[in-house]
Amino acid sequence: MQTRRIGDVQVSAIGLGGMPMSIEGRPDEQRSVAAIHAALEAGVTLIDTADAYHVGADEVGHNESLIARAVAGYGGDTSDVLIATKGGHVRPGDGSWTLDGSPDHLKRACDASLARLGIEAIGLYQFHRPDPKVPYAESVGAIRDLLDAGKIRFAGVSNADPDQIRLAGEILGGRLVSVQNQFSPSFRSSEPELELCAELGIAFLPWSPLGGISQAGELGSRYAVFADVAREHGVSPQRVCLAWMLAKAPVVIPIPGSSRPETIRDSAGAVDVKLSAEELSRLDAA
Ligand SMILES: NC(=O)c1ccc[n+]([C@@H]2O[C@H](COP(=O)([O-])OP(=O)(O)OC[C@H]3O[C@@H](n4cnc5c(N)ncnc54)[C@H](OP(=O)(O)O)[C@@H]3O)[C@@H](O)[C@H]2O)c1
């Protein structure tokens with residue numbers, strides 16, 4: 001598995017997104033554990049989660065706990081696995097996603113994530129989404145305090161615009177290592193953030209890279225060029241999509257969600273797809 005850099009560690013160039021295993025429509029735990037084990041088997045060493053990946057109000061951190069159990073129960077070496085989680089979103093249990101970016105909440109959320117993950121320091125802790133009720137600098141200030149306290153090893157932000165990325169970098173004293181924003185063939189408006197990350201040398205983690213849980217399977221039928229290029233290479237359109245992202249900049253680390261072994265195995269193979277300049281420009285134009 002090819003690797004890319006987050007902070008000063010190398011992780012697999014394709015990560016695993018944990019959300020489909022824990023929100024509405026999730027499969028049984030056995031299938032999710034099989035998917036996580038298939039990811040590890042394929043050389044995936046970055047797993048993305050969040051305390052908000054759950055359904056009921058009484059099961060906050062469902063996905064973190066699931067990942068912690070699956071990683072602990074894997075037979076092989078997992079010492080190089082970086083678990084990236086997030087705080088700042090809240091799910092009250094009625095299907096909605098609300099925000100709490102207050103420093104108090106973020107610090108309590110981080111402690112709870114630490115307990116669920118059963119580790120001394122969280123690999124990568126990301127501020128999930130700006131909360132309009134709280135000045136961005138205050139929320140990111142809480143993340144800085146968590147870094148200073150040694151509760152998190154690396155700090156990242158998510159759903160941030162270029163100004164927020166620059167501000168976060170300043171507040172964290174140059175210790176911002178990643179930005180996680182939506183990016184896919186159907187959502188390209190975060191190109192400026194991707195380019196800024198490439199310029200700053202920090203990781204850019206596209207979320208919903210295949211178009212999201214409900215649309216990922218239709219990528220080839222929605223975007224004929226992705227299907228055409230996939231046919232030429234004898235691979236899936238999803239694999240071509242991830243390879244196209246990887247080619248955008250060396251800082252890009254897509255985190256496709258999976259809840260089945262087959263899909264994460266397929267996605268992990270994107271690192272071996274070499275696209276020509278002509279193919280990349282056709283995909284860019286699609
Ligand atoms: N920061 C944020 O605000 C934010 C928001 C949304 C998501 N995220 C993160 O980003 C991750 C990815 O986003 P997402 O899960 O919403 O959407 P996605 O990655 O675009 O799509 C996920 C779906 O794609 C399917 N899939 C994966 N690989 C495939 C392949 N090679 N061929 C065919 N189908 C494939 C999976 O199906 P199966 O389930 O059948 O395996 C899965 O349900 C999430 O899991 C989460 O970690 C972050």
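When a ligand or atom number is given, it counts from 1 through the structure's own listing order.
- A salt bridge links R175 with D148: the closest approach of a Lys/Arg side-chain nitrogen to an acidic carboxylate oxygen falls below 4.0 angstrom.
- Taking the six-membered ring wherever Trp is involved, the centroid distance between the rings of H62 and H54 does not fall below 6.0 Å.
- Using cut-offs of 30° and 60° on the angle between ring planes, the pair F226 and W244 is perpendicular.
- Salt bridge status for R265 with E41: absent, with no side-chain N to carboxylate O gap under 4.0 Å.
- In this structure, ligand 1 sits under 4.0 Å from heavy atoms belonging to G17, G18, M19, P20, D48, Y53, K86, H128, R129, S158, N159, Q180, W207, S208, P209, L210, G211, G212, I213, A216, Q238, I255, P256, G257, S258, S259, R260, T263, D266, S267.
- Side chains of D51 and S113: no donor on one and acceptor on the other come within 3.5 Å.
- Between the side chain of K86 and the backbone N or O of T49 there is at least one donor-acceptor pair closer than 3.5 Å.
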